[in-house]
Protein chains: 2
Amino acid sequence: MKPTIKDIADKAGVSIATVSRVLASKGDSYSKKTGRKVLKIAKEMGYRKNNTAVELVKKKGNVIAVIINATPTNFSTQIIDGIQKQANSLGQHVIILYAGNRSPELQHQAILTALERAISGILLVAIEPDQEDMKLLEGAGTPFCFVSLYLEQNNILAVSSNNRDVAYQATNYLIGHGHKKIGLAGIDQYHTGSQRIDGYRLAMKEHQLDVEDDWIKLGDYSYASGLKLLGDFLSTRVTGIVAASDMVAAGLLNAAQQKGIQLPDQLSIISIDGTVICQIATPALTSVTQDFYTIGVESVNKVMGKKAPLFIPTHITKRSSVAEI
Amino acid sequence: MKPTIKDIADKAGVSIATVSRVLASKGDSYSKKTGRKVLKIAKEMGYRKNNTAVELVKKKGNVIAVIINATPTNFSTQIIDGIQKQANSLGQHVIILYAGNRSPELQHQAILTALERAISGILLVAIEPDQEDMKLLEGAGTPFCFVSLYLEQNNILAVSSNNRDVAYQATNYLIGHGHKKIGLAGIDQYHTGSQRIDGYRLAMKEHQLDVEDDWIKLGDYSYASGLKLLGDFLSTRVTGIVAASDMVAAGLLNAAQQKGIQLPDQLSIISIDGTVICQIATPALTSVTQDFYTIGVESVNKVMGKKAPLFIPTHITKRSSVAEI
DNA sequence: GCACTTTACGTAAACGTTTACAATGGCTAT
DNA sequence: ATAGCCATTGTAAACGTTTACGTAAAGTGC
């Protein structure tokens, strides 16, 4: 049996209250002598705090729950890195609940699991909530914050890149390189996707460029998506494509090369994300680069009630996948 | 205030024991009528079980803790996918504790966090334990299992690919294509690394090929590692390299291309892992492909006390990065 | 040496469940 | 009618902590 504070108390000849005080380092509420004795015995017995009991009585954990989708892109690592660092410096632990592959059911499950324990906040990374999820979250009284995704409601916490702006920047970059027929590939049909469509359309409109319906192709941000979508663009005569993620861009690129299309001369691609994938691909992918680490850091701040921005700035990283026309 | 079973009991005019029995669906220990009434009221009040309390009394959670390193390779997603699926089917939840970037301190922290709550098992994904970690784990009485890494002690649970065999296969593949001067790039200096060195040396020895010391280069499985290591190989005249991970392979490959070295004609690379990175790279990387999903599934089985193999089979996926000499 | 404050510690309640055991009442078999 | 049994429900202890409150002893100022 694992030792409890009661065991320590018995051995030390003090009450459990004193042991508790010592172990919680409650400043000056016990004598140095008692402190030393208790600490020594605790160590001898290999005592380890039972956090379950602590949480039960405190009704507040020191744990931030992060719910992530297994998005087929690889930026989550950076976000979690930021979350972890900042959580640590605020004395919080991090647990990650995995919501499967955009499965609404597993997603719901994950939120329930989070709510079923004493938690200081919930971070939803790239999670599109459905009606039921929202009801659950709002009814629970636990702070929650969307990460790398935002709804258009300002009473709901979120930290993300500005999707409208990201797509606007990407599209403008292509326009600046002389492209007039520009596609948008791989976005989803929910918030992020439609925000990016807005930015894309805005850039096109500002330059009096028409947008044809089949220049916008939905997908799921995955490599497979990109691979598939290139074929769909063949008939459209676009000269440049804004890819919804590095993975989509890589898919487009490789499919193009298989078809003998020269990159970037016959087709330019600009990617959104800017992870290491951009360097691995050949030619290296020019990207709108998101600062995922900072997104992670600020999301912790926000969910813990500190001041934090909604939008984290992005920038364009020039590589070799966009040609001047 | 969140409603508790006591609130439900009051409203329903029954005792908390009955409510508990109904909510836990304890078969036939209550009447259908009471069951319906309690369930209805619970729903009305938006009751949600407090798992903290449950765990405290049961002293056993239904949670598997997964500790992962932010390995700069991307296979963890697949492992976790497998873990998640199998855990689900065994009625277990999964929480993931992030051990930072091979930081011994954070790693220790993560193990402590896991042990501080009632948990059914600990899965350590690609974690190299140090002395202290092992003492902690062994002393805790909680089952634990290494995943995608194994020590050479058969009383310690693990599920992994056979590293010796993986390196042996990879090396043999290059030898089979006529290579005689073969490097090994990016392995670590711990268990996995030395197991792979063994396999590599064995294959070379079986074909009466000498191994020069500077054909083996240590690294950390990252893209940056690969990028850097290519330079170190320049003076060695190896014609083929076994890369310790897809990321290392991608780094080697891109560095080579920057130096104007033709792949695969002037340099062949075979990668270990076989994730999507192999397809993204150009030329596509031939790999020893690991079955990460199954590794995840079986690690859950093992840590839950079911029968499960130590080694999960691998296979070679032929792509375009190895040339015949 | 008195009143008062401070220090150090103990007592016991509380957190929200589960569950062993007891109690009740109705039913069955004789 | 009686004993016995079963189904259903209640009572209360237990899980391992924290903490409000109380109290005894020691210290302080006069």
Side-chain angles (χ1 to χ4, degrees), chain A residues 1-39 41-42 45-63 113 115-120 140-142, chain B residues 1-39 41-42 45-63 113 115-120 140-142:
Chain A
M1 239 10 256
K2 276 191 189 172
T4 70
I5 54 170
K6 178 147 193 318
D7 300 323
I8 298 178
D10 288 350
K11 201 151 193 169
V14 298
S15 74
I16 59 166
T18 301
V19 176
S20 173
R21 280 188 278 253
V22 171
L23 292 175
S25 312
K26 282 271 188 261
D28 49 0
S29 59
Y30 56 87
S31 74
K32 290 206 194 306
K33 206 175 68 168
T34 322
R36 274 195 303 273
K37 183 165 60 172
V38 168
L39 247 24
I41 294 181
M45 304 181 77
Y47 171 76
R48 201 126 40 237
K49 170 187 289 190
N50 180 334
N51 236 318
T52 307
V54 177
E55 283 172 8
L56 181 56
V57 52
K58 291 217 190 163
K59 312 185 78 180
K60 201 71 183 177
N62 56 163
V63 175
T113 307
L115 292 180
E116 273 178 4
R117 47 200 70 230
I119 266 189
S120 36
T142 305
Chain B
M1 240 5 258
K2 274 191 191 175
T4 70
I5 55 169
K6 179 147 190 322
D7 301 323
I8 299 178
D10 288 350
K11 201 152 193 168
V14 298
S15 74
I16 60 164
T18 300
V19 175
S20 173
R21 281 188 277 252
V22 172
L23 292 175
S25 312
K26 283 268 188 265
D28 49 359
S29 59
Y30 56 88
S31 74
K32 291 207 194 308
K33 207 174 69 169
T34 321
R36 274 195 302 272
K37 183 165 59 173
V38 168
L39 248 24
I41 293 180
M45 303 181 77
Y47 171 77
R48 202 128 38 239
K49 170 188 290 191
N50 181 333
N51 236 320
T52 307
V54 176
E55 282 172 9
L56 180 57
V57 53
K58 289 218 190 164
K59 314 186 77 178
K60 202 68 184 181
N62 55 161
V63 175
T113 307
L115 291 180
E116 274 178 4
R117 48 200 69 231
I119 266 189
S120 34
T142 304

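In the text below, chain A, chain B and the rest are named by the order of the sequence lines, each starting its count at 1.
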Any B:Thr18 side-chain N or O less than 4.0 Å from OP1/OP2 of D:dG10: yes
Protein-nucleotide distance (A:Lys60, atom NZ; D:dT19, atom P), rounded to Å: 15 Å
Nearest-0.5 Å distance, OG1 of residue A:Thr4 to CD1 of residue A:Ile16: 8.5 Å
Between the first and last five pairs of the helix from C:dG1-D:dC30 to C:dT30-D:dA1, the angle of the axes, rounded to 10 degrees: 40°
Rounded distance in Å - NZ (B:Lys33) to C1' (D:dA7): 14 Å
Touch class at under 4.0 angstrom, heavy-atom based, for A:Gly13 against every strand present: sugar-phosphate
Nearest to side-chain heavy atoms of A:Ala17, which nucleotide of C:dC9, C:dG10, D:dA12: C:dG10
Side chain to side chain, A:Thr142 and A:Leu115, heavy atoms closer than 4.5 Å: yes
Under 3.5 Å between N/O atoms: give me all the protein pairs with nucleotides 15-17 of chain C, atom names plus distance.
{"from": "C:dC15", "atom 1": "O2", "to": "A:Val57", "atom 2": "N", "distance (Å)": "3.4"}
{"from": "C:dG16", "atom 1": "OP1", "to": "A:Lys59", "atom 2": "NZ", "distance (Å)": "3.3"}
{"from": "C:dT17", "atom 1": "OP1", "to": "B:Tyr47", "atom 2": "OH", "distance (Å)": "2.7"}
{"from": "C:dT17", "atom 1": "OP2", "to": "B:Ile5", "atom 2": "N", "distance (Å)": "3.0"}
{"from": "C:dT17", "atom 1": "O5'", "to": "B:Tyr47", "atom 2": "OH", "distance (Å)": "3.1"}

Gap between atom CG of A:Asp7 and atom CD1 of A:Ile41 - 0.5 Å precision: 11.0 Å
Heavy-atom closest pair, residues B:Glu116 and A:Lys49: CG-O, 3.5 Å
Distance (rounded to the nearest 0.5 Å) between A:Thr52 OG1 and B:Ile119 CD1: 8.5 Å
Heavy atoms of other groups near B:Lys11 NZ, more than 12 under 6.0 Å: no
Point-to-point distance, once rounded to the nearest 0.5 Å, from NZ of B:Lys37 to CD1 of B:Ile8: 13.0 Å
Between CZ on residue B:Arg21 and CD1 on residue B:Ile5, distance to nearest 0.5 Å: 10.5 Å
Listed nucleotide nearest any side-chain atom of B:Arg21, set C:dC21, C:dC9, C:dG10: C:dC21
